[in-house]
Amino acid sequence: MKAKQKPGIVFQPQVHRAMQQGIYKLVSAIRPTLGPLAGGVAIDPLNVAEVLPEYLDDGGLIARRIIELQDRDEDMGAMLVRSMITRHYERVGDGTATLAVLFEAIFNTGIRYITAGGNAMQMRRYLDEGLLLILKALDSMVVPLVGPSALTRLAYSLCRQEDMAELMGEAFDLIGEYGRLDIREDYGRVLRREYVEGNYFHGGLFPRIMQPEESTARASVENAAIFLCDFEIDEHRDLFPILQMAKEANVPALVIIARNLSEAATSLLVAHNRMNLFKVMGVKLPGLNAEDRMGALDDLSVLTGAKAFVKIAGDSWVNIHAAQLGQARRVWADKWQFGMVNPGGDPRKVRQHVQRLKTTYQSLLDLEDRKKIQERIGSLQGGSVTLWIGGFTEPEINARKSQAQRAALTMRAAVQEGAVPGGGLALLKCKSVLETRYRRAGSVDERAAYGCLLEALEAPARVIYQNAGYEPGEVLAQLNGKSSLSGFDVVRGRVVNMMDAGILDSLMVLKSAVRNAVSTAALALTIDSLVHVAAPEMVGKPT
Amino acid sequence: MSTLTATQQVQDAVYALAHAESYVYAARLTGLYRSADDGQTWQPLLESFDQPLAVTAVAAAGSRVFAGVNGAVLRSEDHGETWQTIGLASPPPQVAALVLSPTFASDGMAVAGTVEDGVFISEDFGETWVAWNFGLLDKHIYTVAVSPHFRNDQILYAGTESGIFRSHNGGRGWREVPFPMEYAPVVSLVISSDAPSLLYAGTESAGLFISTDGGLTWGRCPAIAPDAAVNSLQIEDGPTPGLWILLDDRLLFSADRGQTLATARPLPPQQRALCFSVQDLAIVGFADGMITRIG
């Protein structure tokens, strides 16, 4: 274990050799997962209660499971790659195998040149220049994805399941780049989808106040006025001003959105609903933490036109008036969520609010943060699709669900920024741009850097062919002289037009992989020595 | 059966006009009316209903007629002789616009825009209607335009309180069109029949806008006053193709995509609806219930 290791410094040539070995080991664990006919990786279970090894086919998760290599020097190389892959995985969610293979190819070729006396710093400069050329070339290949058939083709190239691809193509055609797609496990054996009308949020009915209809397990009210707050309403008398004002305003129904309602407050509303007056529904304010709740308050306020009563701002509703209530044509709620059909907020404000969220989304790097904002935009846009994933066994359902989630992530990215020919073809096509620079290189370092990149651009395609059982050299020879969109479909075993065959990659994912691979490899090549530090002594023993 | 003359004024308003085969239909506050003589005389059609119905939208193709009322679409298959009521949703939406696909006879596709509840689509000749509002951030619909090549491109536009939305999948999913929000509401929309990316948008009080790239960019039509209300737009495909623009007090014609305009006839103010009869007569409906024919 690292804790027992002693400090030390390692110099060349051991540094390059050990790092290369560590990188090789980590990338080799991920390499089999690249391509449509790829294999998986079995991981020894961490939990001793588990008997079966964990089966993974996702490069990002595999890298996460590799915590340490036994050899300290090799471990540093492996951890460099691991950190690059997990960072990419957290931000983009896909393309980790391509990233790993690209990185290794650049690093290995670069090491050969540096070992022969080349200058790593000069090479880094040219690698960065080459990176810009590759990104530009990829941009020039992009095709927008419009219409269900294009989206279905992309989905099929990602998940290789016709039924799933069809549903996902249809779903993304409807919801667009920011729309809401929920992927859930189902008890059935097949896939199915459900359209949910209106804007819906996680936060169900407060019990007892309103009984759901038996057939739908939902309660609903029409032309409802909406009271919105983030308070935990403990005292039943706190509700008096709201009920009084609602009665005076002659509202057809009232929906109270609050963080919590006490037993006493609930009892008051139960009693109220037994009277021949307007109906009251109570639903929970969405959000598990303060930040999420503030976001939900913001969204609901804009969407319904309600004033949000915020506890931290010292708001009080003692003198509440009707204009502070929001409106919705219909509100439904079940045990877990509530929804609004045609809420009555000012459409201009709603559009401006959504635009602000989109700008925030574009500025965020972390995948989880982006997901939260995307879900908010999806809720505001109205309408969502739920994809129910069934199967014969639980592991099958889990595997299909995770496949659908990965495919959805990549599809969203592809809908946002477009797609390029897949199967490694887009990177192969970037070679022509670099070859010109390679031939005209003014220095040995420049030539070496472009040589590295040229070799690396072939690497993903070679691995895809190899994983599918083909000889990469033979396949690449078949592609020589073919049109720019002709690539090798490893599933059908023949050269096809990749766009027509729907073999596509998300531009955003691919660009991010190339950017990470080149910049991290360029940095790794400049490492000349390794320093091992002693782990600090533990203070006290864990009990 | 009672009839009205073309210029006879009653205490109501004309919301929409439509024509099919040899009939012209007028959606009015007091009900739906039909004219078999190019708008000279009008016959009420909804007399079989117990109460008078305010009809706010009308569309017709062949013998099928659709009328939008509060909470429902009325459907007739015999030029308005008999009617069937098809409820839309609860709470009842108010229909503001009704349009049919150019190939309605074969695809049975109809679209209803509502004042607060977005868009309802029927794909079975109006038998059933389903709300499709994915991505429609503004559900206050004032007008809907169907692409002349709808069968191939499935494109629809909806003019709303805050701008314009576009659908490329027959109204199932909608995306915002970058129309400047400050000039909305958009109350009339029309797509050129010979250039599907040429789009005209009439606003409630900010003049006429033209887009030549399917709504990606917009330019103001210089010939229309920047504070004009453009109540209706019609594309004329006949011998003199062009664009008819119905303002509050004038009916204008442009043969060069809005660059220059000719006034067809000065009219009293408060014009609301426009359609053309079989004889290419322009029929104009007014906010005070009057209907005029322009030869």
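So that the names make sense, note that chain A is the first sequence line, chain B the second, and so on, each numbered from 1.
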Can you check whether B/Asp138's main-chain N or O pairs, donor with acceptor, with A/Arg351's side chain at less than 3.5 Å? no

Checking heavy atoms, do the side chain of A/Glu177, its backbone, both or neither come under 4.5 Å from chain B?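 Contact with chain B is absent: no heavy atom of A/Glu177 under 4.5 Å.
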
Please flag which part of A/Ser220 lies under 4.5 Å from any non-hydrogen atom of chain B: side chain, backbone, both or neither. neither

Would you find more than 12 non-hydrogen atoms of other residues, nucleotides or ligands less than 6.0 Å from [X] atom [atom1]?
X        : atom1 : value
A/Arg184 : CZ    : yes
A/Lys371 : NZ    : no
B/Glu127 : CD    : yes
B/Glu123 : CD    : no
B/Glu182 : CD    : yes

When B/Gly163, B/Gly173, B/Ser162 are compared by non-hydrogen pairs under 4.5 Å with chain A, the top option: B/Ser162

What residue in B/Ala184, B/Ser167, B/Ala131 has the most heavy-atom pairs under 4.5 Å with chain A?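 Among B/Ala184, B/Ser167, B/Ala131, the one with the most close pairs to chain A is B/Ala184.
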
Which residues in residues 83-99 of chain B have any heavy atom closer than 4.5 Å to a heavy atom of chain A? B/Ser90, B/Pro91, B/Pro92, B/Pro93

Is B/Lys139 close to A/Pro347 at the side-chain level, that is, under 4.5 Å between some pair of heavy atoms? no

Nearest 0.5 Å, what's the CG-CD distance between B/Leu137 and A/Gln355?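 These two atoms lie 10.0 Å from each other.
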
Name the member of A/Val354, A/Val350, A/Asp173, A/Asn223 that forms the most heavy-atom pairs with chain B at distances under 4.5 Å. A/Asp173

Give me the atom names and distance for the closest heavy-atom approach of B/Phe134 to A/Val196. CZ-O, 4.5 Å

Could you go through the side chain to side chain contact (heavy atoms under 4.5 Å, CB included) check for A/Tyr195 and B/Arg172 one step at a time? CA-CA 11 Å; A/Tyr195 297 124; B/Arg172 285 148 47 90; 4.3 Å; yes

Pairs touching residues 340-349 of chain A that satisfy side-chain hydrogen bond (donor to acceptor under 3.5 Å, both in side chains), sequence neighbours left out: A/Asn342-B/Asp117, A/Arg348-B/Glu161

